[in-house]
Amino acid sequence: GINAEYGDETNINKFCVTYNPHWFNISLPDSDNTALRYPLYTKVINGCDKVDDVDDKSVIIIDTGECPVVNRSRNLAGAKLIAIARTDGVLNVTNVHQSNFSTAPIVLINSNSYQTIKSLGSHVSLSIYAPYTKFDSNVIAIYLICVFCIVVGSYWSLYPQDMKLSEFWTTTPKPPIRLTLQTSDEEDEDENKSSLWTNILFGAIIVSIMAGMLLLLYFAYKYFVFVFMGLFCIIASTGMYSIFFPLFAEIDCFSTRWQISCCGKEKYFGPFKVALWLACFSVTMVWFAFRHEYNIWPLQVFMGISVCLNIIKSVPLPSLKIIAIIMVMLFVYDIFFVFITPYFTKDGVSIMERVATGASSKNQVFDAPMDYSPGEQIPLSIKIPYFQKTDYKVCMPIYGMIGFGDIVIPGLLTGYSAYFDTIAHPGEIKWYYIITCTSYAIGLILTYGALIGMGIAQPALLYLVPCCLIGVFGTALKRGEVQAMWTGRAGVAAPRPFGNEDELDS
């Protein structure tokens, strides 16, 4: 909810509050226009002793943990609004039942909000309301960016890395062969089992490294956040270079190479290519210098898009087997760190949310609202600010975001699907690619539907992994190519038509 403090009509301060709706018997209004204002009781009290002169007033009490919330509510029975300023310790909520409370709303505020209210002076009135959560159009923007990265990055992977822009429109996709073309439908069983366990081990190592980095950031955020920022700048520089390369390659002198002698050997390097990369790196330095500025978000979004596109088009995985194993493991990883870890953290906030919002770098007060004031944040996500005005901006980050992993991991599958289509079914419609991209788009709709419906952060891979895998396995099953897709051996099963296409000659 929102707590509005009125010093006068032109001086209104709004703070985020948390509350348990079962602690009082009234529903909160949905705007400050309909919320009733009550003068603030100016004495500093902790509510453990009965106070008689609080009738029709709002009261802020200091929580020292000396007595339960139930007793405080009874001691302040005449108050119209009770705000508990959380300082330290754990809130004493023993013997909590709705029948034990008065009708006055009870809310929690953090210590920073309390200090600000104290500085407003003696003529202050308070109100409390809970605005409706509105759908913000930045969700559509993030959705379109994610789908764009998946569709473009996967199709881009079908072309050589050093291709000019003009050649994209005249060249038939012919990617480097990463599938083992096999004409026999027999496969050594021992080799298959060995390959499966190797892929499982490879996937487990990747997920373990990711989990280790996440925990490292959670427990030592302020020490490692700049390390990840540095890595982001380097990766984003390379990503932007890969995007601009086809355009600059049209310039004749761009391919110029200089010969130098080093350690008795002749080596070559492209000065204009180096200059392009350094120009891209300088762009990341601009972002780093102004990363706390609100209007820097378009540059960070572009850098994020370049990172996702470059990884999707540049990281070829050889089979559906290894991709499916990694996706399933990350599916479990995402669920654990979003839904399970709140049961182990002191404040009930997931490790994933703490790291994603940068909250691990701040000293938070348990139970009271988190302080989302600008701090250092890991830039490994697509972040777009809320476009609509809402009072909830004082309660939550002002950005909507989705992690790079929620784009890149499904992108590896769509990229593989595009490869398989091109090699196993040359000249045909790329059905695996189309259906996998469509499945991703549907999974993303489900993700944001759950986010808006539940009002809490969602692990996107919870929805994306099943949708994408069901789409690709369903298509392979219909075409009789499950084994071929699974092993990456395009000749294991004879290609079957999809729809009304003509079957290819074997």
Side-chain angles (χ1 to χ4, degrees), residues 132-157 236 239 243 294-313 327 330-331 334-335 338-339 352-353 356-357 377-390 392-393 396-415 417-418 430 432-472:
Y132 292 123
T133 303
K134 297 180 180 179
F135 173 82
D136 194 276
S137 55
N138 76 330
V139 171
I140 299 176
I142 296 176
Y143 177 85
L144 293 176
I145 289 173
C146 293
V147 175
F148 170 82
C149 290
I150 290 289
V151 173
V152 175
S154 300
Y155 200 82
W156 199 345
S157 67
I243 290 178
Y294 176 82
N295 292 327
I296 202 66
W297 70 265
L299 178 57
Q300 183 172 338
V301 169
F302 176 72
M303 291 167 61
I305 291 174
S306 67
V307 169
C308 294
L309 286 176
N310 191 44
I311 294 177
I312 292 174
K313 74 183 185 66
M327 292 183 73
L330 289 177
F331 171 84
D334 229 17
I335 293 176
V338 174
F339 287 146
M352 186 76 76
E353 183 177 354
T357 59
Q377 293 189 352
I378 297 295
L380 303 182
S381 62
I382 301 293
K383 293 172 49 179
I384 296 182
Y386 285 87
F387 299 140
Q388 298 179 1
K389 293 183 178 180
T390 171
Y392 266 130
K393 286 186 177 180
M396 62 181 68
I398 61 174
Y399 295 92
M401 66 178 67
I402 187 168
F404 290 164
D406 300 325
I407 302 174
V408 170
I409 300 303
L412 299 178
L413 177 60
T414 55
S417 299
K430 294 177 172 55
Y432 284 110
Y433 166 71
I434 293 173
I435 291 177
T436 309
C437 289
T438 303
S439 299
Y440 176 83
I442 294 173
L444 207 56
I445 292 175
L446 295 177
T447 302
Y448 279 108
L451 174 65
I452 295 171
M454 298 181 186
I456 58 175
Q458 297 293 314
L461 293 181
L462 172 64
Y463 308 93
L464 296 175
V465 169
C467 285
C468 291
L469 291 181
I470 289 173
V472 71

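- Atoms CG and CD1, on Asn310 and Ile243 in that order, are 7.5 Å from each other to the nearest 0.5 Å.
- Across every non-hydrogen atom of Met303 and Ala236, the tightest pair is CE-CB, 3.9 Å.
- With values rounded to the nearest 0.5 angstrom, Phe339 atom CZ is found 9.0 Å from Asp334 atom CG.
- Closest approach of Gln300 and Ser381 over heavy atoms only: NE2-O, 4.1 Å.
- Between the side chain of Tyr143 and the main chain of Ala441, a donor-acceptor pair closer than 3.5 Å is present.
- Residues Pro459 and Met352 are not in side-chain contact: their nearest non-hydrogen atoms beyond the backbone lie 4.5 Å or more apart.
- In this structure, OG1 on Thr414 lies 11.0 Å from CD1 on Ile407, to the nearest 0.5 angstrom.
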Could you walk me through whether Cys437 and Val147 pass the side-chain contact (heavy atoms from CB on, under 4.5 Å) check?
CA-CA 8 Å; Cys437 289; Val147 175; over 6 Å; no

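- Remark: side-chain polar atoms of Tyr155 are not paired, donor with acceptor, to backbone N or O of Lys313 under 3.5 angstrom.
- Here the closest non-hydrogen pair linking Tyr386 and Tyr294 is O-OH, 4.4 Å.
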Worksheet item: Given the rule in the side-chain contact (heavy atoms from CB on, under 4.5 Å) test, do Tyr433 and Val151 qualify, once you have shown the distances and angles that lead to the verdict?
Response: CA-CA 8 Å; Tyr433 166 71; Val151 173; 3.2 Å; yes

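- Among all heavy-atom pairs drawn from Cys468 and Pro410, the shortest one is SG-CB, 4.2 Å.
- For the pair Thr436/Tyr440, no side-chain contact is recorded, criterion being any heavy-atom separation below 4.5 Å from C-beta on.
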> Would Leu309 and Phe148 count as a side-chain contact (heavy atoms from CB on, under 4.5 Å) if you check the C-alpha gap in whole Å, the side-chain angles of each, and the deciding distance to 0.1 Å?
Replying inline: CA-CA 9 Å; Leu309 286 176; Phe148 170 82; 4.2 Å; yes

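- A distance of 7.5 Å separates CG in Asp406 from OG1 in Thr447, rounded to the nearest 0.5 Å.
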Walk me through it: do Tyr448 and Ile402 pass the test side-chain contact (heavy atoms from CB on, under 4.5 Å)?
CA-CA 10 Å; Tyr448 279 108; Ile402 187 168; 4.1 Å; yes

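- The distance from atom OG of Ser137 to atom CD1 of Ile142, rounded to the nearest 0.5 Å, is 10.0 Å.
- Counting only heavy atoms from C-beta outward, the side chains of Leu330 and Val465 never approach each other to under 4.5 Å.
- Of all heavy-atom pairs spanning Gly405 and Leu461, the tightest one is O-CD2, 4.4 Å.
- The two atoms that bring Gly443 and Cys467 nearest to each other are CA-SG, 3.6 Å, heavy atoms only.
- Taking 4.5 Å as the limit, some side-chain heavy atom of Ser154 sits within range of a side-chain heavy atom of Ile312.
- Separation of atoms CG (Leu413) and CD1 (Ile150) is listed at 9.0 Å; rounding is to 0.5 Å.
- In this structure, Asn138 and Pro385 have side chains that are not in contact, with every pair of non-hydrogen atoms separated by 4.5 Å or more.
- A heavy-atom distance below 4.5 Å is found between the side chains of Phe404 and Ile382.
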